[in-house]
Amino acid sequence: MTNERGPVSPHAHAEVDLAAVAHNTALFAERTKASVIAVVKADGFGHGAAAVARTALDSGADWLATATTAESLRLRADGITAPTLSWLLGPVEDFRDPISAGIDLSASSEEQLARIAADASLAGLTAAVHLKVDTGLHRAGALLPDWPELVRRARDLELGGSIRIRGIWSHLRSGTDATPPSVGSPVAIFEEALVAARRAGLRPEVRHLANSVAALAAPETHYELVRPGIGLYGVEPDPRQAFGLRGAMTLRTRLALTKRVPAGSGVSYEHDYVTDRESNLGLVPLGYADGIPFTATGRAEVWVAGRRHPVAGRIAMNQFVVDLGEHIAEPGDEVIIFGPGERGEPTVTDWARWARTVPHEILIGVGSRISRYYVGAPAAREDGPCHV
Ligand SMILES: *Cc1c(COP(=O)(O)O)cnc(C)c1O
């Protein structure tokens, strides 16, 4: 059995609740006066970029964004025509295809601008560009001392017709570092960059700075557009407060085998876990090849038969064991690895804590053997059969 990701497990699937994506998108749209850019990079944080994009656009988002132009071209191939921005330019990339497909490109340097302008000229088109300023994250973006020259160059190219500066933008180093907008804060640096751009003659349609947490918690970062990613998928981005986002993915499987072992039984590689009493064990047919993080060993729990049970011993490549204690379960009984948490099942945020990582990595890690199954929207589609 296969889907577009490759062969899938007949016993596991990720249910993606598009109603949750719609709810979360609407929540972002309602809480800000800005328009929403739905960030669907990395295949929609593992949920399926096209399905998430369509749902978000139907629920209050006006724009889409991805990291690479290949991801944006894929959305175009799926028939999605909304304004779309790609910000991670390759060092030797040919931009003619994305420019021809009407994909907006980010530029952080004169070198990138020149390459975009040259490819736009070759294509006989005007490229829509968002100039990026570095407000302290120190990844992409031009540093403030280099900015005046960059905006002057951009204005020259604009007058030449090869590019149009449609946006000015930046990315925050943490969701909560924008407030208050004091001297040297990201918002202050951004404001300074906007003044310099205006002085150079640039008149961008849109300015954007906010990720999920800033979109919800820092209104002074909103401008014309906000760029939520993780929040669209229902992970609360601010540890200090909850905004009513709904988890979109439920990762389910079934017990493959059960057995009763005596006290003192070591479980899984190296026997890191030893039963302290006679106990029922269940074999779960998912492992780190499916995105169940090895580093959650010793802390993780899963939901079986209406309650949480500890993962026993090391998570292996294709399987792990759950200690059910005195609870009786049968092969075929449902196991929820994570879900929205409404019944008490573990959440993506729990797994991120157990694995010492961020929720983003847990969602994106859900592997290619697991088919996505869509529920919760009139346009619901599945890209793999549901056998669970
Ligand atoms: C991933 C990303 C976002 C979305 O951030 P979240 O914290 O997931 O909301 C926004 N902008 C840029 C540039 C990103 O890389």
Side-chain angles (χ1 to χ4, degrees), residues 20-21 24-25 27-29 31-32 34-47 49 52-53 56 60-72 83-90 103-108 112 129-142 167-178 186-187 189-190 193 206-219 221-243 245-249 348-349 352 357-365:
V21 174
N24 299 334
T25 308
L27 194 143
F28 277 100
R31 281 193 69 100
T32 77
S35 294
V36 173
I37 305 184
V39 177
V40 296
K41 62 192 177 189
D43 199 22
F45 285 52
H47 295 65
V52 170
D62 295 314
W63 281 69
L64 301 170
T66 68
T68 67
T69 59
E71 293 176 305
S72 285
T84 301
L85 169 65
S86 287
W87 54 65
L88 194 65
L89 306 189
I103 292 161
D104 292 20
L105 301 172
S106 169
S108 298
Q112 288 184 336
V129 173
H130 298 230
L131 280 184
K132 187 169 191 183
V133 59
D134 186 346
T135 49
L137 183 61
H138 295 152
R139 288 192 331 199
I168 291 183
W169 76 298
S170 187
H171 191 41
L172 297 167
R173 63 180 175 260
S174 94
T176 50
D177 67 353
V187 170
I189 296 171
F190 195 58
V206 291
R207 302 164 296 172
H208 48 108
L209 186 56
N211 57 3
S212 292
V213 62
L216 293 172
T221 63
H222 287 181
Y223 299 96
E224 285 76 40
L225 299 174
V226 296
R227 297 188 312 274
I230 193 73
L232 295 179
Y233 308 96
V235 174
E236 292 285 352
D238 187 344
R240 304 165 306 186
Q241 55 190 321
F243 293 94
L245 297 167
R246 276 168 48 196
M249 189 187 286
V348 175
T349 302
T357 184
V358 288
H360 309 57
E361 189 178 5
I362 300 296
L363 287 172
I364 287 156

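In this chain, residues are counted from 1 in sequence order. Just follow the structure's listing: the first ligand is 1, and inside any ligand the first atom is 1.
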Q) What are the two closest heavy atoms between Arg173 and Leu137, and how far apart are they? A)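 Closest heavy-atom pair between Arg173 and Leu137: CA-CD1, 3.5 Å.
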Q: Please list, chain by chain and in numerical order, all residues satisfying side-chain hydrogen bond (donor to acceptor under 3.5 Å, both in side chains) with Thr69, sequence neighbours excluded.
A: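 Here the qualifying residues are Glu93.
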**Q.** Counterpart residues, side-chain hydrogen bond (donor to acceptor under 3.5 Å, both in side chains), relative to Trp63 (two or more places apart)
**A.**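 side-chain hydrogen bond (donor to acceptor under 3.5 Å, both in side chains) list for Trp63, sorted by chain: empty.
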Q | Any Trp87 side-chain heavy atom under 4.5 Å of His130 side chain | A |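 No; the side chains remain at least 4.5 Å from each other.
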**Q.** From CA spacing to verdict: side chain to side chain contact (heavy atoms under 4.5 Å, CB included), Thr66, Leu88
**A.** CA-CA 8 Å; Thr66 68; Leu88 194 65; over 6 Å; no
**Q.** Counterpart residues, ring-ring contact (aromatic ring centres under 6.0 Å, His included), relative to Phe28 (two or more places apart)
**A.**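 ring-ring contact (aromatic ring centres under 6.0 Å, His included) check on Phe28 returns nothing, list empty.
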Q: Write down, by chain and number, every protein residue that brings a non-hydrogen atom to less than 4.0 Å from an atom of ligand 1.
A: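 Under the 4.0 Å cut-off, ligand 1 touches Lys41, Phe45, Trp87, Arg139, Trp169, His171, Asn211, Ser212, Arg227, Pro228, Gly229, Ile230, His360.
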